[in-house]
There are 2 protein chains.
Amino acid sequence: MTGGQMQPAARATLEDVARAAGVSLATVDRVVNRREGVRAKTVARVEAAVAKLGYRIDAAAARLARGQTFRFAFVLPAGTNSFMTNLTEQVQRTADWLATQRAFIDVLHVDVFDPDVLAGTLEELSPAYQGVAVIALDHPRVRAAIDDLAARGVAVVTLVSDAPSSRRLHYVGIDNPAAGRTAATLMGRFLGGRTGSVAVIAGSLSLRDHTERQFGFHQILSSEYPNVAALPALEGRDDNERTRLLTAELLTRQPDLLGIYSCGAGNRGIAEALEASGRARDVVWIAHELTQHTRRFLVRGTIDAIINQDPGHEARSAARVLLAHCLAEPTSPDQERIRIDIFLRDNLP
Amino acid sequence: MTGGQMQPAARATLEDVARAAGVSLATVDRVVNRREGVRAKTVARVEAAVAKLGYRIDAAAARLARGQTFRFAFVLPAGTNSFMTNLTEQVQRTADWLATQRAFIDVLHVDVFDPDVLAGTLEELSPAYQGVAVIALDHPRVRAAIDDLAARGVAVVTLVSDAPSSRRLHYVGIDNPAAGRTAATLMGRFLGGRTGSVAVIAGSLSLRDHTERQFGFHQILSSEYPNVAALPALEGRDDNERTRLLTAELLTRQPDLLGIYSCGAGNRGIAEALEASGRARDVVWIAHELTQHTRRFLVRGTIDAIINQDPGHEARSAARVLLAHCLAEPTSPDQERIRIDIFLRDNLP
DNA sequence: CTGTTAGCGCTTTCAC
DNA sequence: GTGAAAGCGCTAACAG
């Protein structure tokens with residue numbers, strides 16, 4: 001066996017470093033936390049001692065001594081599709097954990113699809129918040145509201161839906177064009193050379209994430225799978241009934257329909273229409289977001305694949321990024337990257 | 001907007017609870033941490049105060065006061081396929097973070113494929129370790145060694161490869177039969193009804209994860225895709241050269257070969273043989289683990305899909321589970337579940 | 001059974 | 001520029 005060397009079990013403390021460098025606690029603290037007012041020579045001496053003793057800050061002690069608490073606002077949609085319900089629940093759980101870390105989350109439910117309402121909410125946010133996570137809308141007023149918050153020193157992360165040109169600190173969510181491309185590749189390959197048309201059903205084409213998905217989908221489908229023609233996108237407004245009607249009509253209108261890419265919500269409507277038509281097994285259907293409903297459709301074989309973003313991961317990531325920012329601690333990009341999950345019935349969690 | 005109510009920004013401390021319940025700090029501590037020796041009546045009084053004030057323990061203060069440090073051993077393979085190299089690197093990074101949490105990781109590199117060497121290492125592990133993460137082998141001696149550690153009160157988690165009937169605390173890794181089934185569904189669907197044979201190339205059939213994957217693969221393929229015949233599994237010993245030879249021979253022997261499921265390592269060998277044969281674009285190839293090499297093959301179109309387990313997630317999860325166990329803190333199963341990732345070239349991280 | 005008290009390692013005034 | 005000292009909220013040892 002090629003052994004790993006054992007490291008000392010006891011860790012060096014600030015005091016050890018102070019002793020080794022022949023300075024006081026306070027001075028070491030200044031150096032370690034990069035505060036000013038220390039002679040360059042002293043800095044060097046302390047840094048040498050830090051390196052020699054392998055000093056690493058004790059996160060628990062630092063947080064305790066600082067004694068600061070943080071308040072974050074999570075601005076989530078008032079509407080209730082299953083994905084958003086799951087997300088809200090995960091935010092709630094994250095809040096339980098955060099409370100343990102001296103940070104507190106308030107959840108504000110607003111109509112995030114109305115830019116004015118959303119912007120208004122952000123504008124009127126209590127100055128007590130050091131951080132905000134928001135399902136954004138890429139709209140001038142919303143961007144301005146985010147920029148105002150940022151200017152006030154509030155850390156803003158966008159969640160699930162981004163406002164790319166705003167001064168948000170970070171976006172917690174998937175790469176939507178890539179998700180669309182992923183759906184297209186699955187669709188193209190599952191279709192295996194058959195010739196016909198494929199429909200795209202979005203919630204609303206004024207939602208950035210839906211259009212981005214549709215864009216990515218079309219891009220790959222048209223360039224790589226010339227055998228299938230992508231139909232112009234339909235808008236179901238994320239509403240089950242409306243989406244059902246749209247799908248039913250689509251199925252009668254397009255006898256050559258091979259597949260459906262549903263890049264928004266309203267999947268229960270699609271399932272109903274597909275099952276009523278008797279073509280559920282023939283039409284390849286790819287949907288977004290693993291929920292209790294889409295899971296059922298996937299297991300049953302009505303949905304062929306689900307593209308997912310993990311709401312639990314997103315909620316935790318938003319909280320971690322906000323907290324790390326407030327504590328001036330680093331984050332690990334690797335850990336915070338939200339994956340584009342692909343679920344088949346075989347790899348369901 | 002349906003407002004979320006603001007919670008008090010300042011949190012209740014143990015002392016607040018003590019005052020409210022009319023008892024001392026120590027008593028509250030006993031109740032909160034479920035230690036014995038408190039009258040039921042007092043317990044009730046304290047718990048009422050806790051509920052009333054919404055008291056939540058301050059994790060930082062608790063850890064600091066306990067002042068205990070932990071040492072964990074990570075037993076990883078000495079061999080160097082890309083996946084294991086990545087894993088080692090991620091364990092290293094996790095160690096940096098853990099050091100901040102008063103916990104220290106030593107990495108021991110051993111030949112984990114030799115049950116006696118592995119068991120020997122576990123048996124002789126310094127008693128200084130409170131926790132061990134090990135890429136296990138499902139072998140009697142290894143199981144016994146794990147059980148001994150567990151009996152000594154050492155927390156053992158198996159990593160990537162499990163020893164299910166041992167007394168390990170937890171398994172950090174994917175469901176391998178499910179991974180095999182996932183590969184089969186992708187294979188079957190990508191093949192789209194074509195008729196021919198499909199090969200399975202494993203590292204070694206005495207590795208539990210490889211056989212489990214192969215089992216899951218065969219299961220779905222034979223039941224759902226009668227058009228393709230699965231060939232008996234080949235063993236490439238996770239060695240590139242040997243796997244290249246095996247694959248080259250396979251390609252000449254089986255002119256009707258439609259697909260390859262590579263459920264172990266040695267993928268560079270497969271790529272070479274496939275590309276040399278000129279059939280790289282025709283043969284559907286599904287491999288495991290996203291590495292610098294498999295990524296290249298996927299982008300290039302030689303590999304059609306990669307089934308992955310995230311080594312970063314695995315390293316962090318192992319560390320979190322071990323630490324939480326030592327601190328008697330709860331873990332979130334949701335967060336610790338290792339996903340079976342599917343990567344196409346479109347959703348690569 | 002319950003209370004008192006001395007820290008844990010760091011940050012933060014406030015002096016020098 | 002640098003140092004001394006008072007906590008942060010909790011745990012654990014010891015008294016009662």
Side-chain angles (χ1 to χ4, degrees), chain A residues 8-47 49-50 53-70 99-104 326-329, chain B residues 8-47 49-50 53-70 99-104 326-329:
Chain A
R11 54 188 334 203
T13 69
L14 254 203
E15 194 146 1
D16 298 330
V17 177
R19 210 178 0 252
V23 298
S24 77
L25 256 189
T27 301
V28 182
D29 175 65
R30 288 180 186 112
V31 174
V32 167
N33 291 296
R34 307 194 137 52
R35 296 185 241 278
E36 355 235 74
V38 186
R39 254 187 319 176
K41 228 175 97 187
T42 318
V43 172
R45 207 138 45 92
V46 172
E47 281 177 343
V50 165
L53 300 181
Y55 171 78
R56 324 216 68 235
I57 196 168
D58 181 322
R63 285 195 187 176
L64 178 58
R66 270 194 259 238
Q68 21 179 0
T69 60
F70 301 103
T100 255
Q101 312 290 314
R102 313 168 142 260
F104 304 89
C326 289
L327 293 165
E329 287 176 357
Chain B
R11 53 190 334 205
T13 70
L14 253 203
E15 194 147 357
D16 298 331
V17 177
R19 209 180 358 252
V23 296
S24 78
L25 255 190
T27 301
V28 182
D29 175 63
R30 287 180 187 111
V31 175
V32 167
N33 292 296
R34 307 195 137 50
R35 297 185 240 277
E36 354 235 75
V38 185
R39 251 189 320 175
K41 228 175 97 187
T42 317
V43 171
R45 205 138 46 92
V46 172
E47 280 176 343
V50 164
L53 300 180
Y55 171 78
R56 324 216 69 237
I57 196 169
D58 182 322
R63 285 196 187 175
L64 179 58
R66 270 194 259 238
Q68 20 179 3
T69 60
F70 302 103
T100 256
Q101 312 289 313
R102 314 168 140 259
F104 304 89
C326 289
L327 293 165
E329 287 176 356

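Throughout, protein chains are lettered first and strands after them, A, B, ... in sequence-line order, and every chain is numbered starting at 1.
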### Query
Run the side-chain contact (heavy atoms from CB on, under 4.5 Å) check on A:T27 and A:V38 step by step: do they pass?
CA-CA 7 Å; A:T27 301; A:V38 186; 4.1 Å; yes
### Message
Of all nucleotides in DNA chain D that come within under 4.0 Å of a heavy atom of chain A, which is furthest toward the 5' end and which toward the 3' end?
### Response
D:dG1 to D:dG9
### Task
Could you name each residue pair satisfying salt bridge (charged side-chain N to carboxylate O under 4.0 Å, His left out) that touches residues 33-42 of chain A, not counting sequence neighbours?
A:D29-A:R35
### Task
Assign each of B:A61 and B:A40 to its nearest nucleotide of DNA chain C by heavy atoms, then name whichever residue's nucleotide is nearer the 5' end.
B:A40
### Query
Does B:E15 have any side chain to side chain donor-acceptor pair (under 3.5 Å) partners at least two apart in sequence or in another chain, and if so, which?
none
### Message
Contact list please: residues 28-39 of chain A against DNA chain D, heavy atoms, distance less than 4.0 Å, in numerical order.
### Response
A:R30, A:G37, A:V38, A:R39
#### Entry: A:A49: partners by side chain to side chain contact (heavy atoms under 4.5 Å, CB included), with sequence neighbours left out
A:V17, A:A20, A:A21
### Query
Touch check for B:A62, heavy atoms < 4.0 angstrom, all strands: base, sugar-phosphate only, or nothing?
sugar-phosphate
### Task
With sequence neighbours excluded, tell me which residues meet salt bridge (charged side-chain N to carboxylate O under 4.0 Å, His left out) with A:R63.
A:E329
#### Entry: For A:A18, side chain to side chain contact (heavy atoms under 4.5 Å, CB included) partners two or more places apart
A:V28
## Note on the structure
The answer to which of B:A26 and B:A60 contacts DNA chain D further toward the 5' end, by nearest nucleotide, is B:A60
### For A:A62, all residues meeting side chain to side chain contact (heavy atoms under 4.5 Å, CB included), sequence neighbours excluded
A:I57, A:R66
### Message
Which residues pass the side chain to side chain contact (heavy atoms under 4.5 Å, CB included) test with B:R45, not counting sequence neighbours?
### Response
B:V23, B:T42
#### Entry: Closest approach of B:L64 to A:A60 (non-hydrogen atoms, all atoms of both residues)
N-CB, 4.3 Å
### Summary
Residues B:Q101 and A:A59: closest non-hydrogen pair is NE2-CB, 3.9 Å
### Inter-axis angle, terminal five-pair segments of the helix from C:dC1-D:dG16 to C:dC16-D:dG1 [nearest 10°]
30°
### Query
chain A on DNA chain C: first and last contacting nucleotide, 5' to 3', under 4.0 Å to a heavy atom?
C:dG9 to C:dT12
### Shortest non-hydrogen separation from B:T13 to B:Y55 and the atoms involved
C-CE1, 3.7 Å
### Inter-residue atom distance B:Q68.CD - B:C326.SG, 0.5 Å rounding
8.0 Å
### With B:R19 via side chain to side chain donor-acceptor pair (under 3.5 Å) - residues at least two apart
B:D16
